[in-house]
*Asks:* 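Below is one structure. I have some questions about it.
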Amino acid sequence: MSKITEMKHENENPNQASMAVIICPYDRILILKRPGTLKKENFPNKWCLAGGGALKGETPLQNVVREVEEETGIKLKPSMLHYLLNKREGDKNYHFFYVRTDKQPRIMNVLDEHEEFKWIRADEIDDYDMIKDTHDIIKIALRNIM
């Protein structure tokens, strides 16, 4: 079995990434588990949000809509998303959005970038080993919808 690596686009913008906190009815939040075969710097076995690197010329909003659909099969309309925060690490900008859906979307493992998907309750957030700051970002998004 070959080792899973991060999918790279030829025209990737290495300085921008966008992620979405997807909240369905009953305040369940979608999290995705990264494969255990990834290199340590790519957060193997950690839970994360749907999203990823931007393509050149893509706005953060276009980036998150595309990445969410590629990773999960969920088709979001830009008008559904709300900007949450921007986080800068070195020369990379991370943009976070949140969306509340009116029903729990059907998830498809489109790119096999993740081993598992879960819809978790707000009181379960701290039970999962997530990429740094993800716990806090989810909690901020939940406060914004209350």
*Asks:* Any side-chain heavy-atom pair from H114 and K33 closer than 4.5 angstrom?
*Replies:*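 H114 vs K33: side chains apart.
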*Asks:* If you define the side chain from C-beta out and look only at heavy atoms, does anything of E115 sit under 4.5 Å from N45?
*Replies:*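 Yes, close enough: below the 4.5 Å cut-off.
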*Asks:* Same cluster or not: are L81 and L32 linked, directly or through other Ile, Leu, Val, Met, Phe, Trp or Tyr residues, by side-chain heavy atoms under 4.5 angstrom apart?
*Replies:*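 Yes, L81 connects to L32 through the hydrophobic network.
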*Asks:* Minimum heavy-atom separation for T101 and P25, please, with both atom names.
*Replies:*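 So the two residues come closest at O-CD, 3.5 Å.
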*Asks:* D136: what forms a side-chain contact (heavy atoms from CB on, under 4.5 Å) with it, not counting sequence neighbours?
*Replies:*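 side-chain contact (heavy atoms from CB on, under 4.5 Å) list for D136, sorted by chain: empty.
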*Asks:* Check whether M19 and I125 end up in the same hydrophobic cluster, where Ile, Leu, Val, Met, Phe, Trp and Tyr are linked by side-chain heavy atoms less than 4.5 Å apart.
*Replies:*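 They do share one cluster, since a chain of ILVMFWY contacts under 4.5 Å joins M19 to I125.
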*Asks:* Quick one: does N63's side chain have a donor or acceptor within less than 3.5 Å of a partner on G53's backbone?
*Replies:*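 Yes; judged by distance alone, with no hydrogens or angles, the pair exists.
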*Asks:* Could you give the distance from CG (L49) to CD1 (I138), rounded to the nearest 0.5 Å?
*Replies:*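 Rounded to the nearest 0.5 Å, the CG-CD1 separation comes out at 5.0 Å.
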*Asks:* For F117 and T72, which heavy atoms make the closest approach, and how far apart are they?
*Replies:*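 Nearest pair, atom of F117 first, then T72: CE2-CG2, 4.0 Å.
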*Asks:* Atom CG in L55, atom CD in E67: separation rounded to 0.5 Å?
*Replies:*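 Going from CG on L55 over to CD on E67, the span is 7.5 Å.
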*Asks:* Just so I know, are the side chains of K132 and E89 near enough to count as touching, which here means a heavy-atom distance under 4.5 Å?
*Replies:*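 Yes, their side chains come closer than 4.5 Å.
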*Asks:* Using 0.5 Å steps for rounding, measure from the CZ atom of F96 to the CD1 atom of I140.
*Replies:*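 Answer for the CZ-CD1 pair, F96 versus I140, is 9.5 Å.
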*Asks:* Return the NE2 to CG distance between H95 and L61, rounded to the nearest 0.5 Å.
*Replies:*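 Here the rounded value is 11.0 Å.
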*Asks:* Does N42 reach the side chain of R34, with side-chain heavy atoms less than 4.5 Å apart?
*Replies:*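 A side-chain contact under 4.5 Å exists here.
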*Asks:* Does a side-chain heavy-atom distance below 4.5 Å link I137 with Y98?
*Replies:*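 I137 does not reach Y98 side chain to side chain.
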*Asks:* V68 and A50: which non-hydrogen atoms are nearest, and at how many Å?
*Replies:*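 Distance-wise, the nearest heavy atoms are CG2-CB, 4.0 Å.
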*Asks:* If you define the side chain from C-beta out and look only at heavy atoms, does anything of C48 sit under 4.5 Å from F43?
*Replies:*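 The answer is no, as the side chains (C-beta and beyond) never meet within the 4.5 Å cut-off.
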*Asks:* Test D27 against every option in K139, R100, R143, R121 by the salt bridge (charged side-chain N to carboxylate O under 4.0 Å, His left out) rule and name the one that passes.
*Replies:*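 Passing option: R100.
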*Asks:* Looking at R88 and G90, what are the two nearest heavy atoms and their distance?
*Replies:*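 Heavy atoms only, the tightest pair is NE-O, 3.5 Å.
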*Asks:* Using side chain to side chain contact (heavy atoms under 4.5 Å, CB included), reason through D127 and I120 one step at a time and then give a plain yes or no.
*Replies:* CA-CA 10 Å; D127 297 340; I120 63 168; over 6 Å; no
*Asks:* Evaluate the side-chain proximity of K46 to T134: yes if any heavy-atom separation is below 4.5 Å, no if none is.
*Replies:*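 In short, these two side chains do not touch, never coming nearer than 4.5 Å.
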*Asks:* Please say yes or no: joined through hydrophobic side-chain contacts below 4.5 Å, possibly via intermediate residues, are I145 and I31 part of one cluster?
*Replies:*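 The answer is yes; both residues are in one hydrophobic cluster.
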*Asks:* Would you say V21 ends up clustered with L76 if hydrophobic residues are merged whenever their side chains have heavy atoms under 4.5 Å apart, either directly or through other cluster members?
*Replies:*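 They do not share one cluster, since no chain of ILVMFWY contacts under 4.5 Å joins L76 to V21.
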*Asks:* What closest approach, in Å, do W119 and R28 show between heavy atoms, and which atom pair accounts for it?
*Replies:*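 The answer is CE3-O, 3.6 Å.
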*Asks:* Side-chain contact, heavy-atom cut-off 4.5 Å: L30 with I74?
*Replies:*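 Yes. Closest side-chain heavy atoms under 4.5 Å.
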*Asks:* Output yes when a side-chain donor or acceptor of E58 lies under 3.5 Å from a complementary backbone atom of Q16, and no otherwise.
*Replies:*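 No; judged by distance alone, with no hydrogens or angles, the pair does not exist.
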*Asks:* Under the side chain to side chain contact (heavy atoms under 4.5 Å, CB included) test against F97, which residue among V65, L85, V64, L84 passes?
*Replies:*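 Of V65, L85, V64, L84, side chain to side chain contact (heavy atoms under 4.5 Å, CB included) with F97 is met by V64 alone.
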*Asks:* Is a side-chain N or O of S18 found less than 3.5 angstrom from the main chain of P60, in a donor-acceptor match?
*Replies:*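 Such a contact is found between S18 side chain and P60 backbone.
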*Asks:* With distance as the sole test, does H135 use its side chain to make a donor-acceptor pair with the main-chain N or O of Y128 at under 3.5 Å?
*Replies:*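 Judged by distance alone, yes, a pair lies under 3.5 Å.
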*Asks:* Within the distance-only criterion (no hydrogens, no angle test), does the side chain of E71 pair as donor or acceptor with the backbone N or O of G51 below 3.5 angstrom?
*Replies:*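 Yes; at least one donor-acceptor contact below 3.5 Å.
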*Asks:* Give the C-alpha distance, both sets of side-chain angles, the deciding distance and a yes or no for side chain to side chain contact (heavy atoms under 4.5 Å, CB included) between H82 and N144.
*Replies:* CA-CA 10 Å; H82 303 278; N144 275 283; over 6 Å; no
